Protein chains: 2
Amino acid sequence: MRPVSFRNCYIRIDLPSTSLVVVSFMKDASEKRRSVTLADVARQANVSKATAARVLGGYGVVSESAHEDVMKAAQALDYRPNELARSMTTGRSGLIGVVVGDIENPFFSFAVRGISDAARAAGFNVILANSGEEIEAEKAAVRVLIGKRVDGLIVTSADCRDISHLRDVHLSGRPLALLDRALPDLDVDAVTVDDRDAAMRATRLLVDAGHRRIAYVTAAEDAEIRGADGLPVISTSTVRDRIEGFLAACREADIAQPERSVLFGAKKTATRAIVAGALAASDRPTAILASDSIIALETFKAIREARLRIPDDISLITFHDADWTSVTSPPITAVDQPVYSLGKSVADLLIRRLKGDMAAVERIVIAASLIERGSVGPPPH
Amino acid sequence: MRPVSFRNCYIRIDLPSTSLVVVSFMKDASEKRRSVTLADVARQANVSKATAARVLGGYGVVSESAHEDVMKAAQALDYRPNELARSMTTGRSGLIGVVVGDIENPFFSFAVRGISDAARAAGFNVILANSGEEIEAEKAAVRVLIGKRVDGLIVTSADCRDISHLRDVHLSGRPLALLDRALPDLDVDAVTVDDRDAAMRATRLLVDAGHRRIAYVTAAEDAEIRGADGLPVISTSTVRDRIEGFLAACREADIAQPERSVLFGAKKTATRAIVAGALAASDRPTAILASDSIIALETFKAIREARLRIPDDISLITFHDADWTSVTSPPITAVDQPVYSLGKSVADLLIRRLKGDMAAVERIVIAASLIERGSVGPPPH
DNA sequence: GTGAAAGCGCTAACAG
DNA sequence: CTGTTAGCGCTTTCAC
């Protein structure tokens with residue numbers, strides 16, 4: 001029996017009129033208030049822990065009267081179940097872990113919205129981790145989430161060459177689903193966009209307008225190692241697919257050495273300098289295809305700084321139809337990826353697995369559409 | 001001893017050339033692979049659970065050799081601690097719960113980035129919940145997070161009139177910090193922006209340019225109940241502060257009945273219609289102040305649809321300097337809230353509490369700055 | 001230094 | 001229908 005103490009006392013006085021006055025005694029940090037447990041409720045209700053657990057956990061069968069007693073006791077004691085303990089014994093946490101590259105990128109935040117809507121609808125919560133597109137951070141995130149015993153995992157992997165951590169997850173039997181980026185070597189559910197096709201269509205639009213010098217700007221790093229095709233080894237499928245689509249469309253149009261028109265390394269601050277450099281060249285591109293909306297925004301700024309007009313001097317198309325693309329002058333033609341449904345679809349897929357669906361692995365590829373606006377015109381002569 | 005089974009076997013064959021072939025046998029769902037526990041490691045290392053726990057948990061003292069044995073065993077078995085069990089006994093989860101109004105709003109996603117950066121630096125993980133600006137969803141989110149035994153909570157409360165759930169959290173002794181929106185009735189740490197001052201300065205800029213008919217567009221609902229000041233009861237401090245700042249600056253300039261120029265209800269889709277309506281009136285405003293960047297974007301579109309030019313026909317200022325404000329023609333003058341540091345500051349504050357700082361409650365108010373661009377000019381005559 | 005044993009709060013057999 | 005009894009995987013006294 002602990003000694004009675006006024007240290008943790010709170011007196012709440014409901015005034016007839018409006019506000020609630022709360023008089024709180026000084027709290028003693030060392031003496032942490034033990035939260036009320038199922039055992040407390042059971043004792044108060046004069047039933048066994050098992051019975052109390054049954055009504056509070058909403059399973060099994062209990063008599064009318066017992067149910068009532070327990071509920072009343074729980075109410076009185078302000079009982080809140082300890083989800084941790086519950087997860088511990090059931091093995092389920094009700095959590096879906098999500099690892100994305102960059103939550104600040106509207107592409108991802110919109111997808112995450114799709115995921116959390118689907119999750120909430122199915123009674124799951126989402127725990128979100130940011131990898132910052134760094135493989136080590138991604139591994140750490142996965143480790144932490146697994147440690148937290150998430151029921152399932154959705155990840156946008158930063159590097160397809162290093163997937164041991166994902167393979168481990170998969171082997172451990174915990175449902176895993178891939179968002180936006182496919183991993184050919186990993187046989188798990190995935191929902192992606194047909195980036196290659198989208199890039200081809202966007203490039204064709206430019207080619208059809210008469211462009212021959214088209215630059216593709218991407219955040220991917222230009223690696224030292226180059227493959228047989230003269231391209232650096234690209235570590236994410238979306239990036240690679242888009243570049244391939246771009247190159248294929250260029251070759252289709254008999255444009256020579258299109259791989260020389262791929263501009264790498266367009267990370268946040270670097271983009272503007274890279275594009276500015278390209279624009280300053282004597283054979284500057286007459287059209288640019290940006291691999292995401294953040295890059296496109298910087299590209300737009302670089303074009304403006306170079307005092308070039310869109311589409312008269314240069315045409316521009318971007319991947320991802322961000323909110324701003326329609327308010328620039330002119331508005332920007334964009335590849336519209338169904339981002340929200342991308343998120344919703346993976347989540348739905350994962351949730352089906354969590355509910356025991358053992359059907360064959362699904363790899364859903366969603367088509368993107370092209371929204372034509374005013375940023376594409378014929379090249380200047 | 002479990003019988004040997006090939007059910008869970010995976011054979012990985014590394015081919016000399018390129019790809020990795022994975023042959024996976026059918027997995028049997030019923031036979032869930034029990035993850036390796038501390039006891040397994042202890043057994044393998046020929047030590048007691050306690051010793052294994054000491055080295056794996058990084059506390060207490062162990063002999064050199066024992067340490068080595070345990071580490072080796074853990075490595076061999078690919079041991080991953082069960083954070084759940086750990087949290088259960090220690091009472092700490094290493095989780096910071098964050099409840100925001102709308103993760104899609106770049107304002108919040110940027111703040112969340114600040115929070116998670118600070119959290120990661122201090123060894124905490126972030127679990128994120130979206131309230132959709134609905135008080136019931138917020139309450140549910142708080143309940144869930146508390147159930148998950150988060151160590152601390154950061155919330156942007158959707159309604160300052162209903163804070164019983166937050167009061168409960170506070171009373172339970174779990175650290176709570178408020179982000180962006182103050183709650184005068186709740187004596188907890190908070191980091192907010194000086195919205196009133198920012199609104200005044202923005203409005204003054206308009207007044208000084210000669211404007212007399214200035215509209216303030218906000219997402220807040222126009223309630224039936226009105227206070228003594230003729231304004232509906234506003235449930236969030238930021239919204240109220242901004243409106244008050246706007247009104248104060250108007251009164252300062254002897255503008256009559258400025259409260260009639262506050263346009264309520266600018267939720268996503270509604271904004272454009274509301275602004276369009278105002279622009280169609282004979283005494284249409286000559287300047288608009290938008291309460292966030294999403295509203296500003298829609299307002300911009302409405303202005304363009306009304307074939308009005310900025311700033312010749314109408315001036316525009318927005319709260320929150322979203323990425324797009326600098327690429328429109330003309331670029332938009334904006335109130336620049338230090339969003340990232342807002343998030344970082346609350347997180348730092350909360351983390352200090354988690355580490356036992358019992359100092360007096362802090363309410364940090366950060367000043368916003370005004371970025372003047374080309375969207376403000378004199379009113380048309 | 002190390003080990004045995006007692007929980008943390010809950011669920012899940014298994015009897016009654 | 002209800003209670004008893006084991007655990008879940010880990011930390012943490014408390015002896016040795």
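To find a chain, count down the sequence lines: A is the first, B the second, and so on, and within it residues start at 1. Side-chain atoms are counted along with the backbone in the values below, which use heavy atoms only and exclude waters and symmetry mates. Just so it is clear, the structure is predicted and the values come from calculations on it, not from any experiment.
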Practice prompt. Report the residues that fulfil salt bridge (charged side-chain N to carboxylate O under 4.0 Å, His left out) with B:R352, sequence neighbours left out, ordered by chain and then residue number.
Written response: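 Counting only residues at least two positions away or on another chain, B:R352 forms a salt bridge (charged side-chain N to carboxylate O under 4.0 Å, His left out) with B:D357, B:E362.
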
Worksheet item: Does A:E68 have any salt bridge (charged side-chain N to carboxylate O under 4.0 Å, His left out) partners at least two apart in sequence or in another chain, and if so, which?
Response: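 A:E68 satisfies salt bridge (charged side-chain N to carboxylate O under 4.0 Å, His left out) with A:K72 only.
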
Discussion item. Can you tell whether the side chains of B:D187 and B:R363 come within less than 4.0 Å, N to carboxylate O?
Written reply: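 Salt bridge flag = yes for B:R363 with B:D187.
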
Item to complete: Would you mind checking if B:E133 and B:R181 are paired as a salt bridge, meaning a charged N to carboxylate O distance below 4.0 Å?
Response: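 B:E133 and B:R181: salt-bridged.
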
Item to complete: Using heavy atoms and a sub-4.0 Å distance, could you list which residues of residues 63-81 of chain A are near DNA chain C? By number, please.
Response: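 Correct list: A:Y79, A:P81.
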
Fill in: DNA chain C-proximal residues of residues 52-62 of chain A, any heavy atom under 4.0 Å
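Only A:A53, A:Y59 qualify.
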
Worksheet item: chain A on DNA chain D: first and last contacting nucleotide, 5' to 3', under 4.0 Å to a heavy atom?
Response: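 Nucleotide range in contact with chain A: D:dC1 to D:dG9.
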
Could you state the [atom1]-[atom2] distance from [X] to [N], rounded to the nearest angstrom?
X     : N      : atom1 : atom2 : answer
B:N46 : C:dT2  : CG    : P     : 13 Å
A:R92 : C:dG9  : CZ    : C1'   : 16 Å
B:L84 : C:dT11 : CG    : C1'   : 14 Å
B:R86 : C:dG9  : CZ    : C1'   : 19 Å

Worksheet entry | With sequence neighbours excluded, residues passing side chain to side chain contact (heavy atoms under 4.5 Å, CB included) with B:A121 |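 Residues passing side chain to side chain contact (heavy atoms under 4.5 Å, CB included) with B:A121: none at all.
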
Side-chain touch [X]/[Y], heavy atoms, less than 4.5 angstrom:
X      : Y      : answer
B:R174 : B:L145 : no
B:R167 : B:D185 : yes
B:R120 : B:V126 : no

Item to complete: List the steps and the verdict of side-chain contact (heavy atoms from CB on, under 4.5 Å) for A:V62 and A:V47.
Response: CA-CA 11 Å; A:V62 234; A:V47 294; over 6 Å; no

Item to complete: Could you tell me whether a side-chain N or O of A:R353 sits under 3.5 Å from a main-chain N or O of A:A359, the two making a donor and an acceptor?
Response: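 Yes; judged by distance alone, with no hydrogens or angles, the pair exists.
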
Worksheet item: When rounded to the nearest 0.5 angstrom, what distance separates CD in B:Q44 from CG in B:D69?
Response: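 The CD atom of B:Q44 sits 10.5 Å away from the CG atom of B:D69.
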
Discussion item. Need to verify one output field. Residue with the more 5' nearest nucleotide on DNA chain C, B:S48 or B:M88?
Written reply: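 Its nearest nucleotide lies further toward 5', so the answer is B:S48.
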
Worksheet entry | B:T51 vs C:dG3: side-chain N/O to OP1/OP2 distance below 4.0 Å |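 Yes.
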
